[in-house]
Q: 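Pasting a structure here, questions to come.
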Amino acid sequence: STESGFPMSCKKAVTMELQASNQDYRMKRGIAASCKTEIDTHCKDKKIVGQGQVLSCLKEHWDEITAPSCKAELRRFVQQGVENIELSPATATKCKDDITNFCKDVTPGQGRVHQCLLEHQQQLSEVCAKAEFRVQEIQSKDISTNRMTLAKCTSSINKICKDTKPGTGRMWQCLEEKINDQDMADDCRQEVQKFLRLKHSNFFLNPHFSKDCDEDARKLCPKQFAKASFRAFNSRGSLTTCLIDHREQVNNTDCKADLWKKEKERVAENMLDPAMQQACESDVESQCADYKMQGHGMVQKCLHGKVGKLSKPCNDKVEAYLVLASEDMRFQEELTRTCMAPLKQFCPQIQAGRGRWVSCLIDHMHSVEMDPSCRVHLVEEEMWRSRGLEFNPALKAQCQSDLRTLLTEQKCGNPGVQGWKINCLTRHTEELKAPGCLKSVRETMQRQSADVRAKPGMAQACADDSKELCPGIEAGGARLQTCLREKQAKIKNNVCLSMVQEVETVDKGSASLNYNVRKNCYNERQTFCKGIEAGDSRILACLSSHVKDEGFSTGCLQSMNLTSMREALNKHPLQFGMDTLKEYVENHRSFVDKWGVLLLGGTVGFVIIMGFVISYFIIQKRLWNGAYSMVVPRDLES
């Protein structure tokens, strides 16, 4: 019965009748008739006990009862107890003292006493906590056992979950996945959010998740699993958090999929993590109190903007979820929605996960074809990445070994500076051993060449000088980098000047890292230097040897003139020297015509003599040693 429009006298009479019948299953004709087999199978020893023990027993075996008629009658009994705890004798008896202590002023009905108990779940007695947990566990599997929630969500279910089959938590799952759908009613959304918080706190209130992850949870998080198995609201989300922390070690495919959803939910709403609620409670009050009334997600946005200024427990939690967000663009709904079209345009072959989508989009964000609204989000992502290695999934995954070596050799400088690990890697590229690490570091350096915001601390250090020396110049597309280089004599901030010169030095020595050369010399590289491996200025030397060739564009030449072409050629005289010699011969044709035969004869004679001398010494050495040895190069390019 509902409260509105229901006469109080009639309501009291019905409640008393239900209380009496709920004490003895024989007085509930529907259950007595429809559940006879189930009672004999599961609850035979409870028949003589009374006090609603048979009915409680049937609730305990909820999952095993499949007969439609019995399930329907049992559902009706559970609905009554969910709405009014007095109609669930076993739960009411077990929670009698707790209700007196915490909920004595709460009027039974409309689920109010259950809600009160949930608000005090950490203070409940063990026997009451277990009884209340079971009530919530049944609701997690069948949303229809809570008629108040069902009434608020029926219209939403008919619109966005109409094809979802009820049972084993599927309807809740559908509503959770579509919580931001515009067709979801506000009061339904509030119910879903409320229950979602409860599920994130208690592993066993997630039917599919707890089943799929049972083996991994036992193996990876044994202490947390044991605590959650107590089923008394005492785990405080620790098992879910533990599985997220060990996500790379989870083996079960279904568990990985379920866990991914939990990660996405917590990234979208950090406060679903009970430990974060506790860690950030004082920070929210002291630094973000004004945001509490500004709408969903605003407190979280405030906390993100104050990273580094929060208490350590709160700061660690906020950063942990920002790191998680960096791993998969799909965790960030607004970013995904805004950048989905550019993703299909620029990165159609890139796999999701490990930050690959965002990395690809950042590499194209300076394109004139990039959607402006997506670019705004990408700038924010790039600035987060510049804050530290932790926000760069590829760097973090690929460079652990190399970074450990650099740290052991004390080559990383001041660990207190923002982004110091990234700086350490970009300043020691010659010492990196792992190919994957070198590749990721070079990609990072390419982004730094294109945008001051990609280099740790550079945007902040150069803020005043940029405003004074380069007013109106946008940061992307190497525009601000170029301006600051041209006016570096006037830069006042020494840290800024040092960073400008550092990036300039890298750009001068590498065509594959220099943004302007990569942009303006793409065709020249394909024409003249296709197949030349990047690194050690090889591409720069190759391009330098062709600057006067037909087809070398003015834009590419202008970009090349700002690099160290001579030094690059000097590094690779054998590989690209013949091109330079050819150019010299062409420019001095009359000299060659006059002395060419003599030069050729002299060169041939010199080569023959040197060959004889070298052969003589090799033979002598072999004879002296009485044996010979074979030298095998380390790799085919040695």
Side-chain angles (χ1 to χ4, degrees), residues 111 115 118 136-137 139-210 212-213 237 240-241 243-244 254 256-274 276-277 291-304 321-322 324-325 327-340 352 377:
Q115 184 58 39
L118 288 176
Q136 302 302 325
E137 195 171 12
Q139 287 185 60
S140 73
K141 296 171 182 176
D142 189 345
I143 193 173
S144 68
T145 58
N146 188 322
R147 288 188 289 204
M148 292 79 69
T149 297
L150 191 61
K152 294 176 181 178
C153 289
T154 296
S155 63
S156 301
I157 289 171
N158 291 337
K159 290 179 181 178
I160 60 180
C161 298
K162 59 183 179 181
D163 297 324
T164 301
K165 185 179 178 181
T168 61
R170 285 186 291 265
M171 196 62 72
W172 277 116
Q173 194 170 339
C174 175
L175 292 170
E176 288 158 8
E177 290 173 356
K178 299 181 180 181
I179 193 168
N180 293 315
D181 193 292
Q182 60 181 5
D183 286 329
M184 181 175 284
D186 289 339
D187 53 355
C188 178
R189 183 176 290 109
Q190 291 173 8
E191 289 293 310
V192 175
Q193 287 172 339
K194 182 172 68 176
F195 204 64
L196 199 55
R197 285 194 291 272
L198 193 62
K199 292 174 75 172
H200 272 267
S201 296
N202 300 279
F203 179 72
F204 287 104
L205 294 185
N206 299 268
H208 291 283
F209 182 40
S210 58
D212 295 337
C213 294
T240 299
T241 301
L243 285 169
I244 290 175
D254 291 333
K256 284 183 178 180
D258 295 337
L259 189 59
W260 186 88
K261 293 175 184 176
K262 291 297 177 189
E263 294 168 32
K264 182 180 180 183
E265 289 165 357
R266 285 197 178 183
V267 167
E269 179 54 77
N270 296 170
M271 292 299 179
L272 288 174
D273 179 359
M276 181 159 176
Q277 291 179 32
Y291 290 80
K292 292 168 76 173
M293 303 303 294
Q294 293 186 23
H296 181 68
M298 294 306 296
V299 169
Q300 179 168 303
K301 193 169 184 178
C302 171
L303 291 173
H304 289 181
Y321 284 112
L322 286 169
L324 194 58
E327 294 182 3
D328 197 324
M329 190 175 96
R330 294 169 296 177
F331 287 163
Q332 304 182 64
E333 191 164 318
E334 188 176 355
L335 174 64
T336 303
R337 184 177 60 253
T338 306
C339 293
M340 187 51 68
H377 287 286

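The residues of the chain are indexed from 1 along the displayed sequence.
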Q: Can you confirm whether Lys199 sits close enough to Phe209 that some side-chain heavy atom of one is under 4.5 Å from a side-chain heavy atom of the other?
A: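 They are not in contact (no side-chain heavy atoms under 4.5 Å apart), so the answer is no.
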Q: Look only at the side chain of Thr240 and the backbone of Gly237, and say whether a donor-acceptor pair between them is shorter than 3.5 Å.
A: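 No; judged by distance alone, with no hydrogens or angles, the pair does not exist.
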Q: Measure across Ala325 and Gln332 and return the closest heavy-atom pair with its distance rounded to 0.1 Å.
A: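 Heavy-atom minimum between the residues: O-NE2, 3.3 Å.
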Q: Is the closest basic N to carboxylate O distance between Lys152 and Asp187 below 4.0 Å?
A: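 Here Lys152 does not pair with Asp187 in a salt bridge, since their nearest N and O are not under 4.0 Å apart.
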Q: Among pairs that include at least one residue of residues 153-163, which meet side-chain hydrogen bond (donor to acceptor under 3.5 Å, both in side chains), considering only residues two or more places apart or in two chains?
A: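 Sorted pair list comes back empty.
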Q: Between side-chain atoms of residues 164-171 and protein atoms elsewhere (two or more places apart, or another chain), which donor-acceptor pairs fall under 3.5 Å?
A:
{"from": "Thr168", "atom 1": "OG1", "to": "Arg170", "atom 2": "NH1", "distance (Å)": "2.9"}
{"from": "Arg170", "atom 1": "NE", "to": "Lys165", "atom 2": "O", "distance (Å)": "2.8"}
{"from": "Arg170", "atom 1": "NH2", "to": "Pro166", "atom 2": "O", "distance (Å)": "2.9"}

Q: For residues 163-196, pull every pair meeting ring pair (Phe, Tyr, Trp, His ring centres under 6.0 Å), keeping only residues two or more places apart or in separate chains.
A: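 Pairs touching residues 163-196 that pass the test: Trp172-Phe195.
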Q: For the residue pair Leu243 and Cys213, what are the closest heavy atoms and their distance?
A: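 Scanning both residues completely, I find the closest heavy atoms to be CD1-CB, 4.2 Å.
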Q: Which atom pair, heavy atoms only, marks the closest approach of Arg189 to Ile179?
A: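 Smallest interatomic distance, heavy atoms only, reads NE-O, 2.6 Å.
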Q: Flag the pair Gln277 / Leu272 as yes when at least one side-chain heavy-atom distance between them is below 4.5 Å, and no otherwise.
A: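 Result no, sub-4.5 Å side-chain heavy-atom pair not found.
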Q: Considering all heavy atoms of both residues, which atom of His200 and which atom of Pro274 are nearest to each other, and what is their separation?
A: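 Reported closest heavy-atom pair: O-CD, 4.3 Å.
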Q: Is any side-chain heavy atom of Gln300 closer than 4.5 Å to a side-chain heavy atom of Tyr321?
A: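 Gln300 does not reach Tyr321 side chain to side chain.
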